[in-house]
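Reading through the structure tokens given below for one structure.
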Amino acid sequence: MDITIQKQAVKLQQFFTTELQENLICEVPVALVYNGISHAVMMTSPQDLEDFALGFSLAEGILTDKQELYGLDVIEQCNGIEVQMEIATRQFVALKEKRRSMTGRTGCGICGVEQLEQVSQSCKFLQKNDRLQAVNPQVFDDCLQQLEQAQQLVQQTGASHAAAFFSPQGELLAIREDVGRHVALDKLIGWYAKAGKPLGFVFVTSRASFEMVQKCLAVGIEMLCAISATTALAVEIAQAHDFTLSAFTRKGKATVYSGEKRLLLEKA
């Protein structure tokens with residue numbers, strides 16, 4: 001399935017018009033089906049769907065390990081795509097119990113949660129292992145440059161978000177793009193699990209919501225850098241779990257809200 005499509009448009013510039021073909025990002029409904037039961041339908045860009053399905057399953061606590069996913073098929077339907085997964089019986093039973101208390105579903109994974117207390121308990125966070133240490137924030141500038149150059153979908157359409165994984169030395173290891181920022185991160189988490197959970201940190205081209213912090217915590221990622229802002233709840237969760245959270249991470253600057261110990265910082 002195509003991930004971009006060309007459409008005729010008219011460009012207005014200084015009162016002159018020019019006809020041209022514009023690349024537009026595609027978004028399609030993708031149903032995540034576990035052992036024959038549809039659990040969620042997400043609007044996503046139709047690439048890296050195997051990574052998305054695994055990453056979503058791990059980040060949402062449906063699976064606790066990639067080994068619990070026994071099989072996966074991506075099947076195009078007339079009105080969208082189904083990702084059909086076969087998962088361990090114990091995890092499927094737990095999923096059915098969870099579904100009984102849910103009335104809705106969105107990309108953030110929060111709709112349907114009945115009590116506010118459940119928001120911060122929606123994932124079973126991994127034990128802190130503090131593998132990531134002594135990252136020099138000077139590598140962030142190079143990370144931003146690599147991130148900009150690697151965003152093929154945004155270069156074509158200008159309408160996608162990206163989530164990228166960097167080594168502690170600032171080497172780009174993987175990037176995933178999508179029309180939705182949460183889905184881009186889910187796709188990256190899928191790669192992260194398949195790659196054996198390498199050491200490093202995540203960069204996102206969006207704000208850092210609390211759901212994104214939760215997703216990282218759920219799979220053992222220790223640091224998230226966002227180009228845009230963060231939220232108060234994201235900071236609270238990051239601080240509570242000793243997670244490194246950086247926002248407004250731009251050239252030559254960043255605002256670190258939590259987990260400074262993983263960064264080599266010099267005080268002015």
Side-chain angles (χ1 to χ4, degrees), residues 55 59 123 125-155 160-178 181-193 195-268:
C123 290
F125 300 136
L126 297 183
Q127 292 293 322
K128 294 189 295 246
N129 50 28
D130 290 331
R131 294 192 304 149
L132 184 63
Q133 298 178 0
V135 175
N136 191 330
Q138 292 182 1
V139 305
F140 289 168
D141 285 358
D142 191 41
C143 292
L144 287 164
Q145 184 176 0
Q146 293 179 72
L147 183 56
E148 182 178 359
Q149 293 173 349
Q151 292 179 72
Q152 296 182 4
L153 195 53
V154 82
Q155 290 170 13
S160 65
H161 284 294
F165 196 88
F166 290 89
S167 73
Q169 294 74 37
E171 177 189 1
L172 177 61
L173 300 183
I175 184 171
R176 293 293 183 267
E177 296 180 88
D178 197 86
R181 56 196 174 93
H182 292 93
V183 178
L185 181 57
D186 283 331
K187 289 177 177 180
L188 187 70
I189 288 172
W191 165 86
Y192 174 75
K197 299 187 176 181
L199 191 61
F201 57 93
V202 171
F203 235 107
V204 294
T205 61
S206 65
R207 66 185 178 93
S209 62
F210 84 94
E211 304 100 325
M212 300 180 89
V213 172
Q214 280 189 323
K215 287 176 183 290
C216 290
L217 282 166
V219 297
I221 294 171
E222 299 176 58
M223 186 163 86
L224 173 66
C225 300
I227 289 179
S228 191
T230 187
T231 67
L233 187 54
V235 172
E236 289 177 18
I237 294 174
Q239 290 174 343
H241 295 277
D242 197 25
F243 179 83
T244 303
L245 177 60
S246 172
F248 300 114
T249 315
R250 309 287 178 87
K251 187 175 181 179
K253 63 180 182 179
T255 303
V256 181
Y257 292 91
S258 177
E260 296 90 344
K261 70 179 186 180
R262 294 185 180 87
L263 298 170
L264 293 172
L265 300 176
E266 296 182 4
K267 292 185 178 181

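We count residues from 1, following the sequence as given.
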Open item on the list: Measuring only between side-chain heavy atoms, which start at C-beta, is Leu245 closer than 4.5 Å to Ile237?
Closed with: no

Open item on the list: Can a donor-acceptor pair be found, under 3.5 Å and without considering hydrogens, that links the side chain of Gln133 to the backbone of Lys261?
Closed with: no

Task: Partners passing side chain to side chain donor-acceptor pair (under 3.5 Å) against Ser246 (at least two apart in sequence or in another chain) - done: Thr249

Task: Residues that Thr230 engages under side chain to side chain donor-acceptor pair (under 3.5 Å), provided they are two or more places apart - done: none

- [ ] Begin with the C-alpha distance, continue with both residues' side-chain angles, and end with the deciding distance and a verdict on side chain to side chain contact (heavy atoms under 4.5 Å, CB included) for Ile227 and Leu147.
- [x] CA-CA 11 Å; Ile227 289 179; Leu147 183 56; 4.2 Å; yes

Open item on the list: To check you understand the geometry: which heavy-atom pair defines the closest contact between Arg131 and Glu222, and what is its length?
Closed with: N-OE2, 3.0 Å

- [ ] List in chain and number order the residues that pass ring pair (Phe, Tyr, Trp, His ring centres under 6.0 Å) with Tyr192, two or more places apart in sequence or in another chain; answer none if no residue qualifies.
- [x] Phe165

Open item on the list: Can you confirm whether Leu265 sits close enough to Pro137 that some side-chain heavy atom of one is under 4.5 Å from a side-chain heavy atom of the other?
Closed with: yes

TODO: Using atom types as modelled and distance alone, determine if a side-chain donor or acceptor of Asp141 lies under 3.5 Å from a backbone N or O of Gly252.
DONE: yes

TODO: Could you tell me which residues satisfy side chain to side chain donor-acceptor pair (under 3.5 Å) with Gln151, sequence neighbours excluded, listed by chain and number?
DONE: none

Open item on the list: To check you understand the geometry: which heavy-atom pair defines the closest contact between Lys251 and Leu144, and what is its length?
Closed with: N-CD1, 3.6 Å

Open item on the list: Quick check for you: to the nearest 0.5 Å, what is the distance between Lys187 atom NZ and Ile175 atom CD1?
Closed with: 11.5 Å

Open item on the list: To check you understand the geometry: which heavy-atom pair defines the closest contact between Ser206 and Ala226, and what is its length?
Closed with: O-CB, 3.3 Å

Task: Spatial distance of atom NE2 (His161) from atom CZ (Arg207) [nearest 0.5 Å] - done: 9.0 Å

Open item on the list: Check whether Glu177 reaches the backbone of Ser160 with its side chain - one donor and one acceptor, N or O, closer than 3.5 Å.
Closed with: no

Open item on the list: Would you say that more than 12 heavy atoms from the other residues, nucleotides or ligands in this model lie under 6.0 Å from the CD of Glu148, or not?
Closed with: no

Task: Backbone of Ser209 reached by a side-chain donor or acceptor of Thr231 within 3.5 Å - done: no

Task: Interatomic spacing from OG in Ser258 to CG in Leu224 - rounded to 0.5 Å - done: 11.0 Å

Task: Arg181: partners by salt bridge (Lys or Arg N to Asp or Glu O under 4.0 Å), with sequence neighbours left out - done: none

Task: Heavy-atom closest contact (Ser228 atom, Ala247 atom, distance) - done: O-CB, 3.4 Å

Task: Electrostatic pair Asp186:Arg176 at N-O distance under 4.0 angstrom - done: no

Open item on the list: If I take atom CG from residue Leu185 and atom CG from residue Asp178, how far apart are they, to the nearest 0.5 angstrom?
Closed with: 11.0 Å

Task: Nearest non-hydrogen partners of Ile189 and Ala59, listed with the distance - done: CD1-CB, 4.1 Å

- [ ] Could you grab the distance from atom CZ of Phe210 to atom NZ of Lys215, nearest 0.5 Å is fine?
- [x] 10.5 Å

- [ ] State which residues pass ring pair (Phe, Tyr, Trp, His ring centres under 6.0 Å) with Tyr257; sequence neighbours excluded, sorted by chain then number.
- [x] none

Open item on the list: More than 12 heavy atoms of other residues, nucleotides or ligands under 6.0 Å from CD of Gln152: yes or no?
Closed with: no

Open item on the list: Is there a side-chain contact between Gln169 and Val139 in this structure, where contact means two heavy atoms from C-beta onward sitting under 4.5 Å apart?
Closed with: no

Task: Whether Thr255 side chain and Phe248 backbone form a donor-acceptor pair below 3.5 Å - done: no

Task: Nearest heavy-atom neighbours spanning Met223 and Phe201 - done: CE-CG, 3.3 Å

Open item on the list: Evaluate Leu172 against Phe203 for side chain to side chain contact (heavy atoms under 4.5 Å, CB included), listing each step before the verdict.
Closed with: CA-CA 10 Å; Leu172 177 61; Phe203 235 107; over 6 Å; no

